[in-house]
Amino acid sequence: MNTKLTRRAVLKSGLMAVAAPLVIPSSVLGKDGSVAPSERIVMGGIGMGGRGQSDLGWLLGQQEVQFVAVCDVLGANRVRAKQMVDGKYGNSDCETYRDLREILAKRGDIDAMLIATGDRWHATAAVLAMSAGKDVYCEKPGSMTIAEGRAVAETARRYGRIFQTGAQRMSEPNFIFATELARQGLLGELRVVRAHLWSAVQDVSRNELLPAQPEPSKEELDWELWLGPAPRRPYNAGYLGGCGAWGVFQDFGAGVAGWGSHTILQCQAAVGAETSSPVKYVYPGNRSGNWMESYFANGVKLALNFEGWRGTCGVRFEGSEGWVSIADGYDKPDVSSPALLGEYKRVISAYAVKSGRPFNHVLDFLASVRSRRSTVANAEVMHRSMTTNHAITLCLLLGRDLNWDPDQEAFVNDDEANRMRQKASRAPWQV
């Protein structure tokens, strides 16, 4: 007979009552809407800056999550993230790490990892985490190159890991409504999908070096780890101001693709092309991407521009019988006809029934961790939308039109563009 009793088994059997009367808190048993500790999803975090702390706040608000460890190359971020976790649980148990390799090697108890590093780290950290057996919620953009995106998708497939790219608008009702209007033909024949661009990136080739400054101590900032896969360059505090600082440099940010990771996925979903990409990219005569056009195999045009929305991360879908436009901060979508808004409740309710997904990106991820069902913005969906973004960037860098074969994942008759599907990463961070 196996005489080993787990704490959970003891609680269920009632054997503890033999020794002495005991009142067991309902939270331990998972009653009153709480989740028993043994049933919680144990999580850690890599990259605990502004976006990481925002995501951490959302996750700490979920009763089914138990956060146990945080990792960041900046000491101040480690301190703030630990304070958030310990403050939530009323203890000092949250462990801190500087090197992601250490948290992945030492914390076999972690089920899932939040990754909210800078762009240059997303794919590498995700591949390492999934290879270590962790499910991953990874902030966008999910890759810096086409090859990186494919590596993330293949790693998720190989290890059977759940992956969600942080394109949260895929789970927000207003954006879903706009997408469903296009997909269901309520706009007529879909002709154009428009995506908002980030005007901070005026030249995707920008990559100058800032003047060298004395490096901080490794505990304050591990500069080598901050750089990660990016080429070595001297430290300058000017790089550290979030994506608005490092994001405009080709080595550190995804440029057009960084913002397009928000909007182009929405456009591909409207076209029904989440697992494909446009086949033709037309050079717009600039390196910002403004007014660039690309074309899907079915003829639908993807158009990019800076203006046209009252808020950020906007998309507009235009059909033969109407249009819809939505961006962050809209109370409701803009539509060509009030009759379209009259469809709102029906369309959203039908989507909820059809998809079985919550209108919450984090909850969709957590549900998939439990069920092993693929997330709404899974690794393949991330890779295909980022492929579009990277193809746009290469078109701008090369200054010429490009043709893409989504099945072969290669540019047609263009050896130079195909070589640029990947770029060198510093050892030991190749994926």
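The shown structure was predicted, so the numbers you read here are calculated from the model rather than taken from an experiment. Just the heavy atoms: all of them, side chains too, but no hydrogens, waters or symmetry mates, feed the values below.
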Are the side chain of [X] and the backbone N or O of [Y] linked by a donor-acceptor pair below 3.5 Å?
X	Y	answer
Arg206	Gln250	no
His122	Thr117	yes
Trp309	Val315	yes
Ser355	Arg357	yes

Answer with yes or no whether the side chains of [Y] and [X] bring together a donor and an acceptor at under 3.5 Å.
X	Y	answer
Thr312	His196	no
Thr275	Arg384	no
Asn290	Ser288	no
His390	Gln422	no
Glu274	Ser385	no
Gln164	Asp364	yes
Tyr97	Asp72	no

Revision key, fill the gap. side-chain contact (heavy atoms from CB on, under 4.5 Å) with Val193: of Thr179, Thr263, Val300, only one passes, and it is Val300
Exercise for review: Could you walk me through whether Glu154 and His383 pass side-chain hydrogen bond (donor to acceptor under 3.5 Å, both in side chains), step by step?
Suggested key: CA-CA 10 Å; Glu154 286 304 304; His383 167 55; over 6 Å; no
Should [X] and [Y] count as side-chain neighbours, where that means a heavy-atom distance under 4.5 Å?
X	Y	answer
Arg161	Arg372	yes
Leu240	Trp246	no
Asn378	Val381	yes
Val152	Thr165	no
Lys140	His262	yes
Ile162	Met130	no
Met144	Asp119	yes

Atom [atom1] in [X], atom [atom2] in [Y]: separation rounded to 0.5 Å?
X	Y	atom1	atom2	answer
Thr393	Met292	OG1	CE	8.5 Å
Leu60	Met84	CG	CE	5.5 Å
Leu302	Phe296	CG	CZ	5.5 Å
Thr375	Glu380	OG1	CD	11.5 Å

Check your understanding: Mind checking what makes side chain to side chain donor-acceptor pair (under 3.5 Å) contact with Ser131, not counting sequence neighbours?
Key ->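 Listed in chain order: nothing, the list is empty.
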[X]/[Y] ion pair, N-O < 4.0 Å:
X	Y	answer
Glu343	Arg346	yes
Glu64	Arg40	no
Arg169	Asp328	yes
Glu148	Arg421	no

**Study point:** Candidate pair Phe359 and Ile176, rule side-chain contact (heavy atoms from CB on, under 4.5 Å), full reasoning
**Key:** CA-CA 9 Å; Phe359 296 109; Ile176 291 170; 3.6 Å; yes
Exercise for review: If a pair satisfies salt bridge (Lys or Arg N to Asp or Glu O under 4.0 Å) and one of its residues is in residues 235-254, list it, with sequence neighbours excluded.
Suggested key: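 Residue pairs with at least one partner in residues 235-254: Arg233-Asp251.
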Point to revise | Where Arg98 and Leu225 come nearest, the two heavy atoms and their spacing | key: O-CD1, 3.8 Å
Practice item. Apply ring-ring contact (aromatic ring centres under 6.0 Å, His included) to Phe252 and list each qualifying residue two or more places apart in sequence or on a separate chain. Key: Trp226, Tyr239
Practice item. Check whether NZ of the Lys or CZ of the Arg Arg194 lies under 6.0 Å from the centre of the six-membered ring of Trp323 and within 45 degrees of that ring's axis. Key: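 No.
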